[in-house]
Amino acid sequence: MRGTVGELGEFGLIRELTSRITTAPAVRLGPGDDAAVVAAPDRRVVATTDILLEGRHFRRDWSTAYDVGRKGAAQNLADIAAMGAVPTAVLLGLVVPADLAATWPIELMDGIRDECGVAGAGVAGGDVVRGDLITVSITALGDLRNREPVTRSGARPGDVVAVTGWLGWSAAGNAVLSRGFRSPRAFVEAHRRPEPPYPAGPLAAELGATAMTDVSDGLLADLGHIAQASKVRINIRSGDLDVPAQMSDIGSAVGVDPLQWVLTGGEDHALVATFPSETKLPARWRRIGEVRHPSALPRVTVDDAPWDAAGGWDHFGDAESPVTVDGA
Ligand SMILES: Nc1ncnc2c1ncn2[C@@H]1O[C@H](COP(=O)(O)OP(=O)(O)OP(=O)(O)O)[C@@H](O)[C@H]1O
Ligand SMILES: Cc1ncc(C[n+]2csc(CCOP(=O)(O)O)c2C)c(N)n1
Ligand SMILES: [Mg+2]
């Protein structure tokens, strides 16, 4: 594909994008009509939306269009899994400049399609608009399969806190990239393409998880949402967190405590959940803490003490990008 988006035109672009998607069981009527038709066997639909903005969520010199597609789909599909649901379909709202190479949105769509394929979902439709900054707005739908949704508000004192998936890898990759390096590759790749453990969400629901969320803003920040919604305190035991040797090496090289990445780095989309203490945790879930009664301490503590360094990502916070600004 040669030329720009402007040369292709709106309908030419839509034709290129939709010609690349594959079928999925839940998408009964895909792109091409005024709206799509998506099966909802449970009769309740789980729905979520997330925006990726060029410069804020991704940089074209750090990530390929394909990577951005994988990541944009992943962060939405992870939200569906975090409700204990199975992803069914996504819709793509896309803003692109007219002078953008046409290959960019096409490769983006390839990434979205492939990540949807990992999670079992399909692309049901979307919209394209011309604008100055690339904006990728994805909406994902999911099915509860006759189970109750796992909300943020069900954690109870005595529950155990467990996590599955990666923590701190994306933030370490971000730190590497923002210093102008391209390696170690594993961390850079983790930043470009998170790997949420999709099937673990419905499995946790099946096992009676009392609360769950995906880690998008940082473990402490996202557990803070659970603690607040559940009116409890959550304590994390730092000794139970995995800090890989290579992450420590990067930390030493750039002068950041790697535990800061594990505790406050977002974008890995690990799943963190609370379970009744007697639950036998499935393989790959690691126990990292426990739910306590509220006290004078902050809602989330590390080793039963306040965590004084930056807590996580806030788009409107003072330290807007706590994991990229020298890791503090
Ligand atoms: N503009 C908005 N209008 C209505 N509800 C919103 C809006 N922005 C956020 N929310 C709601 O607020 C809640 C928290 O949103 P948030 O974006 O923090 O969750 P998330 O998608 O899990 O996190 P992340 O965006 O970091 O992936 C969600 O239920 C979301 O639907
Ligand atoms: C170029 C660039 N700079 C910084 C970051 C880091 N970052 C951006 S948004 C976010 C939290 C989740 O956002 P949201 O709540 O919108 O899902 C994080 C950790 C990045 N990915 N790319
Ligand atoms: Mg989430």
Side-chain angles (χ1 to χ4, degrees), residues 45-64 67-85 87 90 93 119 133-142 149-153 163 165-180 187-194 196-198 200-201 204 211-226 228-229 256 260-273 310-317 319-328:
V45 174
V46 181
T48 183
T49 194
D50 264 313
I51 297 168
L52 288 183
L53 184 65
E54 181 174 18
R56 181 158 300 272
H57 294 93
F58 67 89
R59 283 174 43 163
R60 269 191 272 163
D61 57 338
W62 287 3
S63 300
T64 64
D67 291 335
V68 176
R70 296 287 298 241
K71 185 168 184 163
Q75 72 177 59
N76 278 277
L77 297 165
D79 277 325
I80 298 290
M83 297 304 291
V90 305
L133 271 187
I134 301 179
T135 309
V136 180
S137 171
I138 297 180
T139 297
L141 307 176
V150 185
T151 64
R152 297 175 176 186
S153 59
V163 70
W166 308 99
L167 285 177
W169 285 63
S170 178
N174 188 316
V176 166
L177 286 164
S178 56
R179 285 163 179 80
F187 294 90
V188 171
E189 283 304 314
H191 179 74
R192 291 175 174 153
R193 287 190 212 174
Y198 303 116
M212 181 156 53
T213 190
D214 69 313
V215 181
S216 56
D217 291 334
L219 181 68
L220 298 185
D222 289 309
L223 281 176
H225 299 144
I226 289 185
Q228 190 168 16
V256 175
Q260 180 71 18
W261 289 325
V262 173
L263 288 170
T264 69
E267 297 191 298
D268 288 301
H269 301 285
L271 292 177
V272 62
W313 184 271
D314 178 347
H315 279 297
F316 299 101
E320 183 191 79
S321 52
V323 291
T324 53
V325 179
D326 66 28

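Read the numbers this way: they start at 1 and go in the same order the structure lists the ligands and their atoms.
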**Q** So, for Val215 and Gly265, which heavy atoms are closest and what is the spacing to 0.1 Å?
**A**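 In this case the closest contact between Val215 and Gly265 is CG1-O, 4.2 Å.
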
**Q** If every non-hydrogen atom of Pro87 is compared with every non-hydrogen atom of Ala85, which pair is closest and at what distance?
**A** CD-O, 3.9 Å

**Q** Any N or O on His315 sitting closer than 3.5 Å to an N or O of ligand 2?
**A**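 In this structure, His315 places an N or O atom under 3.5 Å from an N or O of ligand 2.
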
**Q** Taking a cutoff of less than 4.0 Å between a non-hydrogen atom of the residue and any ligand atom, is Ser178 in contact with ligand 2?
**A**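 In this structure, Ser178 fails to qualify as a contact of ligand 2 - no heavy atom is under 4.0 Å.
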
**Q** Please report the interatomic distance CG(Leu53) to OG1(Thr135), rounded to the nearest 0.5 Å.
**A** 5.0 Å

**Q** Do side-chain atoms of Thr264 reach the backbone of Trp261 as a donor and acceptor pair under 3.5 angstrom?
**A**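 Pair absent, no side-chain N/O of Thr264 close to backbone of Trp261.
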
**Q** Measure the spacing between CG of Asn174 and CZ of Arg192 and express it to the nearest 0.5 Å.
**A**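 Spacing of CG (Asn174) from CZ (Arg192) equals 11.5 Å.
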
**Q** Where does the angle between the aromatic ring planes of His191 and Trp62 fall among parallel (under 30°), tilted (30 to 60°) and perpendicular (over 60°)?
**A**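 His191 and Trp62: perpendicular rings.
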
**Q** Would a distance-only check, ignoring hydrogens and angles, find a side-chain to backbone donor-acceptor pair under 3.5 Å from Asp268 to Gly168?
**A**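 Looks like yes, one N/O pair under 3.5 Å.
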
**Q** For a distance under 2.8 Å, give residue and atom name for each protein N, O or S atom next to the Mg ion (ligand 3).
**A** Asp79 OD1, Asp214 OD1

**Q** Kindly indicate whether the side chain of Thr64, heavy atoms from C-beta on, has any atom under 4.5 Å from the side chain of Asp67.
**A**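 In contact.
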
**Q** For ligand 2, which atoms, with element, lie under 4.0 Å from some heavy atom of Asp217?
**A** 11 (C), 12 (C), 15 (O)

**Q** For Glu189, is there any backbone N or O sitting under 3.5 Å from a side-chain donor or acceptor partner on Arg193?
**A** no

**Q** With side-chain contact (heavy atoms from CB on, under 4.5 Å) as the criterion, how do Ile51 and Arg56 come out once you've worked through the C-alpha distance, each side chain's angles and the decisive distance to 0.1 Å?
**A** CA-CA 10 Å; Ile51 297 168; Arg56 181 158 300 272; over 6 Å; no

**Q** Return the option from Glu54, Gln75, His269, Glu267 holding the heavy atom at the smallest distance from atom 17 (O) of ligand 2.
**A**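 The option holding the nearest heavy atom is Gln75.
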
**Q** Tell me which residues fall inside the under-4.0 Å heavy-atom shell around ligand 1.
**A** Asp50, Asp79, Arg152, Ser216, Asp217

**Q** Number the atoms of ligand 2 from 1 as they appear, then name those within less than 4.0 Å of a heavy atom of His191, with their elements.
**A**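 With His191 as reference, the close atoms of ligand 2 come out as 20 (C), 21 (N).
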
**Q** Any side-chain to backbone donor/acceptor pair from Ser216 onto Glu267? Under 3.5 Å, distance only.
**A**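 No, because the side chain of Ser216 does not come within donor-acceptor range (under 3.5 Å) of the backbone of Glu267.
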
**Q** Which of the numbered atoms in ligand 2 are under 4.0 angstrom from any heavy atom belonging to Arg59?
**A** 1 (C)

**Q** Measuring from atom 12 (C) of ligand 2, which candidate in Gly265, Gly72, Ala171, Ser216 has the nearest non-hydrogen atom?
**A** Ser216

**Q** Could you tell me, atom by atom, which parts of ligand 2 come under 4.0 Å of a heavy atom of Gly55?
**A** 1 (C)

**Q** With a heavy-atom distance limit of 4.0 Å, tell me whether Arg56 approaches ligand 2 through its side chain, its backbone, both, or neither.
**A**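 Near ligand 2, Arg56 shows its backbone, while the atoms from C-beta on stay back.
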
**Q** Below 4.5 Å, heavy atoms only, C-beta onward: do His57 and His315 meet side chain to side chain?
**A** yes

**Q** As an exercise, identify every atom of ligand 2 less than 4.0 angstrom from a heavy atom of Asn174.
**A**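 Ligand 2 atoms under the 4.0 Å threshold to Asn174: 4 (C), 5 (C), 6 (C), 20 (C).
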
**Q** Mind checking whether Asp217 and His225 have side chains closer than 4.5 Å, heavy atoms only?
**A**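 Contact flag for Asp217/His225 side chains = yes.
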
**Q** Could you tell me if the side chain of Val46 sits less than 4.5 Å from the side chain of Thr48, heavy atoms only?
**A**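 Not touching, per the 4.5 Å side-chain cut-off.
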
